[in-house]
Amino acid sequence: MADKGFEIEGLVRKFGRTTAVDGVSLAAHRGQVLGLLGPNGAGKTTVIRVLATLLRPDAGRVRVAGIDALRDPAGVRRRIAFSGQHTSVDEELTGRSNLVMIGRLLDRGRQDARRRAGELLSRFGLDEAADRPVSTYSGGMRRRLDLAVGLVGRPEVVFLDEPSAGLDPGKRDELWRMVRELAQDGVTVLLTTQYLKEADALADEITVIDHGRLIASGVPADLKRQAGGHTVVLRPADAGDLDAAAAVVARVTGREPSRSHRHGLVAPVAGEAEFFHIAARLRELGIDVGEFAFRLPSLDEVFLRLTGATATGHVAEEAA
Amino acid sequence: MTTPRTRTAGPRPLATLRHSLVLARRSLGKTTRNPGPVVNGVVTPALFMILFLYLFGRPVAGSTAQYAQYLFPGILVMGAGLAGMVSTGTAINLDLRNGVTDRFRSLPISRTAPLLGSVLADVLRYLIAVVILFAIGTLLGFHAEGGAPAALGAAGLAILFGFCLSWLTVLIGVLVRSAEAVTAFSFIAFLPLQLGSSLTGPTDTLPGWLRAWADINPVTHAMDACRALLNGTPEAGSVGRTLLWSAVLFATCCPLAVRAYGRQE
Ligand SMILES: Nc1ncnc2c1ncn2[C@@H]1O[C@H](COP(=O)(O)OP(=O)(O)O)[C@@H](O)[C@H]1O
Ligand SMILES: [Mg+2]
């Protein structure tokens, strides 16, 4: 257990009649980045708030940094940082005062708190804005400060609820880089997102939830495999072999491949066995291939398939 | 809707106090940048004093100088409770609306600390308000018959009472949904508490229904106690009732506020 950054088992949390989280389990190793992915209302915030000891679960076990979050929430709080969906910094204070204040609350001495604040301001590129009230900061700067404030106490586990919400793509990349740096330093990170692209870019593993239930989890490639829908793409080196190749694909997969200008032949396959079978037949027949690929579905396709209709609106929004 | 309770270990009360002071500094820092509440806490009572002094001075007490002796102690109590009355509840409410409270609650500090910090900052605001009010009162002809010890005692009692009354505001701030509502609530509470009292005259001069309220209003007792102290005729009765009311306000509002704060969504 000691190597677990955090783990929850069978988490249930209700709000009145709504069951926000319904039996979700997830875990991350130390230094791992876990992406919790799901559309709006899926239960992501509830999960992350339970982990951050801000909410008590109705059922389930919660351990963070090896500590039982229900028995010793204070112990957990000493080892974590939490950044809510809306930034949790004091708008009226300067960036520096925010950092110093948190340092003081974490029992650092005045000097030490100021030194740590200076370090973090530099690391997050906030030197120039350090002594301005946060209310004058841009969204990106606020997020960076929020992350910096979380790191004052050198947490072992960091919880980020939709960290890139409202950031433009440039600022988002910057934030992603900082999250990766955290993981390199051995910090375990749980981040929630509605965007597959973000989960795919940052997370070692992704857990997909919807309507409070776990839908799928695994490394991104596994997820794609789990959702099935592999295709084989085949373009013979000699265009004259196209019909023969199509016949091979049809024989193996039991389906006529579609033909496209760009890719040549495209056909769904049941698994990699069929792919190798096709390869062997092509060899036997002496058909040379120009391009021959076993393709996973795109993550968007996976997401749609996993979460069903609920995600449709969301994917459209991301595309917009 | 419950949240894990902080485990207490080691010298927690001291740590809580230390953390509260850090958070009180935060609150005071805001006051330096936005001194509105303190100004309000001085200007409002001062205006009431001037208004009542020249409205009622001659008809009620025969002269403004004599009326100042009666009026000022009540104004002092008003000042010691008002400087934070609106601002604390509003500030706590704002913290709850944006993410700052979540940040505090995910830190290994007692959940009392943010509330206590805010109230401690109030105490300093009250202190400033009281000092300025004494100066204004003196200018308007008030003279503490009881001398410096009586003035200190009255100021201390008024501030202690203000501290306990602050917890009522804190409770409202934690329970009510929006900052505007907190302001409205506090203002509505202000009128009966501060004016429905012995501020302008002894309660037996008031009409029956108002008198019934004024007689149980804790603010009346605080004003009576301060008046007696400042006039050099301390009364154990009104001081005792003020202390009792302070204890009751504190003992009910503080735990309720801390509990509600701990489990706020
Ligand atoms: N404090 C609350 N009171 C009532 N319902 C809530 C509360 N918090 C969340 N919910 C409900 O629980 C479900 C999950 O919400 P949430 O965890 O915020 O999802 P997400 O962060 O994935 O958008 C939603 O249906 C939401 O309306
Ligand atoms: Mg959310």
Side-chain angles (χ1 to χ4, degrees), chain A residues 13-16 45-46 48-58 62 68-94 97-98 100-108 110 113 133-135 142 146 149-150 152-153 155 159 161, chain B residues 1-12 14-37 87 90-92 94-114 116-118 179 261-265:
Chain A
R13 171 69 209 216
K14 297 179 182 137
F15 294 103
T45 297
T46 307
I48 209 163
R49 289 175 67 84
V50 166
L51 278 162
T53 75
L54 296 171
L55 275 179
R56 208 178 171 80
D58 292 316
V62 185
D68 188 321
L70 300 179
R71 289 218 200 101
D72 184 12
V76 169
R77 288 182 201 131
R78 266 189 282 281
R79 290 168 177 81
I80 61 162
F82 168 78
S83 284
Q85 208 163 336
H86 311 287
T87 52
S88 359
V89 286
D90 190 327
E91 296 274 317
E92 291 178 57
L93 299 182
T94 65
S97 328
N98 265 290
V100 172
M101 175 180 71
I102 298 295
R104 300 283 288 144
L105 289 175
L106 291 170
D107 294 330
R108 283 173 182 266
R110 206 180 300 272
V134 176
S135 53
R142 236 169 262 213
D146 206 38
V149 167
V152 170
F159 299 113
D161 198 5
Chain B
M1 301 283 261
T2 52
T3 20
R5 208 156 280 183
T6 313
R7 263 278 199 89
T8 49
R12 293 313 283 177
L14 260 184
T16 301
L17 189 64
R18 198 170 58 238
H19 298 149
S20 302
L21 289 174
V22 172
L23 291 164
R25 256 196 71 166
R26 158 179 183 251
S27 172
L28 289 171
K30 292 184 183 184
T31 301
T32 12
R33 246 164 294 123
N34 170 25
S87 66
T90 313
I92 286 175
L94 279 176
D95 281 356
L96 283 167
R97 301 294 140 232
N98 62 40
V100 178
T101 299
D102 277 345
R103 169 79 67 195
F104 292 154
R105 286 193 298 190
S106 66
L107 289 175
I109 62 172
S110 153
R111 291 188 173 184
T112 316
L116 183 59
S118 202
Y261 182 81
R263 67 179 181 195
Q264 183 81 24
E265 273 314 309

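In this text, all values refer to a predicted model and were calculated from it rather than measured experimentally. Chain identifiers are assigned alphabetically (A, B, ...) following the order of the sequence lines, protein sequences preceding nucleic acid strands; residue numbering begins at 1 within each chain.
Interface residue A:Val149: backbone and side-chain heavy atoms are both found under 4.5 Å from chain B. The parts of A:Asp146 that come within reach of chain B are both its backbone and its side chain, each placing non-hydrogen atoms under 4.5 angstrom from that chain.
Between B:Leu107 and A:Ile102, the shortest heavy-atom contact is CD1-CD1, 3.9 Å. When all heavy atoms of A:Arg104 and B:His19 are compared, the pair lying nearest together is O-CD2, 4.3 Å. Listed here is the closest heavy atom pair of B:Arg111 and A:Leu54: NH2-CD2, 4.5 Å.
For the pair A:Arg77 (side chain) and B:Ile109 (backbone), a donor-acceptor distance under 3.5 Å is absent.
Residue with the most contacts toward chain A among B:Leu23, B:Asp95, B:Thr101, B:Leu94: B:Leu23 (heavy-atom pairs, distance under 4.5 Å). The candidate from B:Gly29, B:Gly99, B:Ser106 with the greatest count of non-hydrogen atom pairs under 4.5 Å with chain A is B:Ser106. Options A:Val50, A:Asp90, A:Val76 differ in how many heavy-atom pairs under 4.5 Å they form with chain B, and the most are formed by A:Asp90. Looking only at heavy-atom pairs under 4.5 Å with chain B, the residue among A:Leu93, A:Leu105, A:Ile80, A:Val89 that has the most is A:Leu105. Note on A:Ser88, A:Ser83, A:Ala81: by heavy-atom pairs under 4.5 Å with chain B, the leading option is A:Ser88.
Here the NZ atom belonging to B:Lys30 is positioned 4.0 Å from the CD atom belonging to A:Glu92, to the nearest 0.5 angstrom.
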Audit row: B:Arg18, A:Asp107, side chain to side chain contact (heavy atoms under 4.5 Å, CB included) steps and yes/no: CA-CA 9 Å; B:Arg18 198 170 58 238; A:Asp107 294 330; 2.8 Å; yes
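Other residues, nucleotides and ligands place no more than 12 heavy atoms under 6.0 Å from the CZ atom of B:Arg25.
A salt bridge links A:Arg49 to B:Asp102: at least one charged side-chain nitrogen sits closer than 4.0 Å to a carboxylate oxygen.
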